[in-house]
Amino acid sequence: MSRYIFPKWSNLLLPTIILVALTAPLYVVLMVAYGFSPKTTDVGYMPTQPVPFSHALHAGALGMDCRYCHNTVERSAHAAVPPTQTCMNCHTQIHVASPKLAPILESYQSGLPVPWIRVHDLPDFSYFNHAAHVNRGVGCVSCHGRVDQMEIVAQSAPLSMGWCLECHRNPEPNLRPVSQITNLAWDPQIELTRDERLSLRELFNIQPSQNCSTCHR
């Protein structure tokens, strides 16, 4: 009759368990840190576009409204990337000979779209409706930052689930009159009192859902 309750190879389990117990907390800390790092959330992501379009010039110095180019933002889930014709509405007369506009002119002549690179690109498993937000007083600047000051557009917010939920749990700091939706310099926390922001929440009947199916459909 064997004197051993467990086989000899089970002796290897003890050092394995000790090793896992020692390394698991470090692994968890590193993974959480990586998950919140700019590399993961894409904060600061600034791709080089095929055309050096300056938002600081167009939206800032010239004061062009965001909706002139992104004209579906009030009625669609997506903020449309402007077609070449939108650019040519101005550039048939302005800086026509500029070499920077060569890809625009080529697109205009060929009928093929300019291959713009999306900066704020949510994963396919996340659903976000632009119209539902801008029509209820959430301004462009809340998610996109001061685009009117960006020579090259970069992602300024993490757009993570936790970041979105933070706003859903406390939307008042981001609420403004619909007339100020595209006024990126207008700060509701300066221009409005807390009671006025609460009044906007009541006016728009804002009761943000925190259910998983709201964004993951």
Side-chain angles (χ1 to χ4, degrees), residues 24-47 59 65-67 69-81 117-150 153-217:
L26 179 61
Y27 174 79
V28 170
V29 169
L30 290 175
M31 288 302 294
V32 170
Y34 180 76
F36 284 97
S37 72
K39 184 176 180 180
T40 305
T41 60
D42 285 334
V43 171
Y45 175 55
M46 185 189 296
D65 192 290
C66 306
R67 292 165 292 191
C69 295
H70 305 289
N71 57 14
T72 63
V73 72
E74 294 176 298
R75 61 180 187 276
S76 171
H78 302 285
V81 176
I117 301 172
R118 186 175 293 277
V119 178
H120 301 81
D121 190 12
L122 289 179
D124 292 340
F125 55 76
S126 297
Y127 175 78
F128 178 84
N129 190 314
H130 278 81
H133 288 76
V134 300
N135 289 322
R136 289 190 168 186
V138 179
C140 307
V141 69
S142 292
C143 299
H144 298 292
R146 291 299 303 271
V147 175
D148 59 322
Q149 297 177 351
M150 299 181 190
V153 171
Q155 184 173 318
S156 63
L159 308 183
S160 63
M161 183 174 72
W163 182 81
C164 294
L165 282 173
E166 183 179 344
C167 183
H168 274 222
R169 291 166 180 155
N170 183 34
E172 288 88 359
N174 290 307
L175 297 181
R176 61 181 62 206
V178 172
S179 61
Q180 300 296 333
I181 286 298
T182 60
N183 185 349
L184 306 183
W186 200 91
D187 188 340
Q189 298 196 61
I190 295 176
E191 304 291 343
L192 300 175
T193 65
R194 184 174 183 276
D195 286 343
E196 288 173 327
R197 294 196 299 274
L198 288 171
S199 295
L200 284 174
R201 179 171 183 172
E202 183 177 351
L203 173 66
F204 295 130
N205 190 28
I206 295 175
Q207 304 293 334
S209 172
Q210 297 180 45
N211 190 288
C212 302
S213 62
T214 303
C215 301
H216 303 299
R217 302 182 178 184

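All values reported here derive from a predicted model rather than from experimental measurement. Note: hydrogens, waters and symmetry copies are ignored here, and every other heavy atom, side chains too, is used.
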For D65, salt bridge (charged side-chain N to carboxylate O under 4.0 Å, His left out) partners two or more places apart = R67
request  = Find out whether V147 and L184 are in side-chain contact, i.e. whether some heavy atom of one side chain is under 4.5 Å from a heavy atom of the other.
outcome  = yes
query = Which atoms form the tightest heavy-atom contact between L192 and P177, and what is the distance?
reply = CD1-CD, 4.1 Å
message = Is there a side-chain contact between V138 and F204 in this structure, where contact means two heavy atoms from C-beta onward sitting under 4.5 Å apart?
response = no
ask   = Does M46 CE have over 12 foreign heavy atoms under 6.0 Å away?
value = yes
inquiry  = Do C143 and W163 make a side-chain contact, defined as non-hydrogen atoms from C-beta onward lying under 4.5 Å apart?
reply    = yes
note = Looking only at heavy atoms, the pair that brings R197 and P173 closest together is NE-CA, 4.0 Å
ask   = Can any side-chain N or O of T72 pair as donor or acceptor with the backbone N or O of H78 at less than 3.5 Å?
value = yes
inquiry  = Using the rule ring pair (Phe, Tyr, Trp, His ring centres under 6.0 Å), only one of H216, H133, H168 pairs with F128; which is it?
reply    = H133
task = Evaluate the criterion side chain to side chain contact (heavy atoms under 4.5 Å, CB included) for residue pair C140 and I181; output intermediate values, then yes/no.
result = CA-CA 6 Å; C140 307; I181 286 298; 4.2 Å; yes
key: Donor-acceptor side-chain pairing of D195 and T193 below 3.5 angstrom   = no
Close side-chain approach of R201 to P208, heavy-atom, < 4.5 Å = yes
ask   = From N174 CG over to L200 CG, what is the distance, rounded to the nearest 0.5 angstrom?
value = 12.0 Å
message = Rounded to the nearest 0.5 Å, what separates atom CZ in R176 from atom OG in S142?
response = 5.5 Å
Interatomic spacing from OG in S156 to CG in D42 - rounded to 0.5 Å = 12.0 Å
query = Roughly how far apart are C215 SG and N129 CG, rounded to 0.5 Å?
reply = 10.5 Å
Neighbour count >12 (heavy atoms, 6.0 Å) for atom CD, E166 = no
ask   = Can you name the nearest heavy-atom pair linking R217 to T214, along with the distance?
value = NE-O, 3.2 Å
note = Heavy atoms of L198 and E172 approach each other most closely as CD2-OE2, 3.3 Å
message = Nearest 0.5 Å, please: how far is CG in N71 from SG in C66?
response = 12.0 Å
ask   = Does CD belonging to E202 count more than 12 external heavy atoms closer than 6.0 Å?
value = no
Mutual orientation of the aromatic rings belonging to H120 and H144 [parallel < 30°, tilted 30-60°, perpendicular > 60°] = perpendicular
ask   = Shortest non-hydrogen contact from H130 to A79?
value = ND1-N, 3.8 Å
remark   = Shortest non-hydrogen pair, V141 vs R146, comes out as CG2-CD, 3.9 Å
ask   = Atom CG in L122, atom CG in L159: separation rounded to 0.5 Å?
value = 6.0 Å
